[in-house]
Amino acid sequence: MSIRTLGLATLLTIALPAVAHDYKAGELSIDHPWSRELPVDLPGGAAYFSIHNHGSQPDRLLSVSTPRAHKADLHFQAAGSSPADMKDMGAVEIPAHGEVAFKPGGNHVMLSGVEHPLKAGEHFPMTLQFEKAGKVEVEVEVKQADALTAH
Ligand SMILES: [Cu+2]
């Protein structure tokens, strides 16, 4: 391998995490973590993703953390209800061969104490702690304020 191809290979390896949308841990995959830029500079926000469990045993998402927020809480919000009705969930069960979606208007990761407002186009790291699959580090993509879904 020449120095030049070696350099390119290194570059591609480094660039990879920025384009990865899918993260795996054991039997779990975490799909497209994203967040929304807020229309005003508020010290908070929310993060969304979906978790697929390909295994025959349930797992549990115990907690989430990110260096971008002092606190990241798992919030439950019934579909169609007001954001004011959201509740803290201790942990979230990921059923065997099942899927749990965190999305706008539903369950979400509530970020509070965000010192630098989230800006569209940036990425920030987030760690998900599962009971069985352990720790999974993901990159959260910040979308425009009017984005409703990851795509
Ligand atoms: Cu919330």
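Just so you know, ligand 1 is whichever comes first in the structure, and atom 1 is the first atom listed for that ligand. Residue numbers start at 1 and run along the sequence shown. Values reported hereafter were calculated over all heavy atoms of this structure, with side chains retained and with hydrogens, waters and symmetry mates removed.
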Within the 4.5 Å heavy-atom criterion, are Pro95 and Val100 side-chain neighbours or not? yes

For the Cu ion (ligand 1), which protein N/O/S atoms fall under 2.8 Å? Skip waters. His75 ND1, Met86 SD, His108 NE2, Met110 SD

Using side-chain heavy atoms (C-beta onward) and a distance below 4.5 Å, is Arg36 in contact with Pro104? yes

Looking only at the side chains, is there a donor atom on one of Ser50 and His32 sitting less than 3.5 Å from an acceptor on the other? no

Going by atom types alone, do Glu137 and Thr127 pair a side-chain donor with an acceptor below 3.5 Å? yes

Members other than Met110 in its cluster, when Ile, Leu, Val, Met, Phe, Trp, Tyr link by side-chain heavy atoms under 4.5 Å? Met86

Classify the side-chain pair His70/Glu115 by whether it contains a donor and acceptor separated by less than 3.5 Å. yes

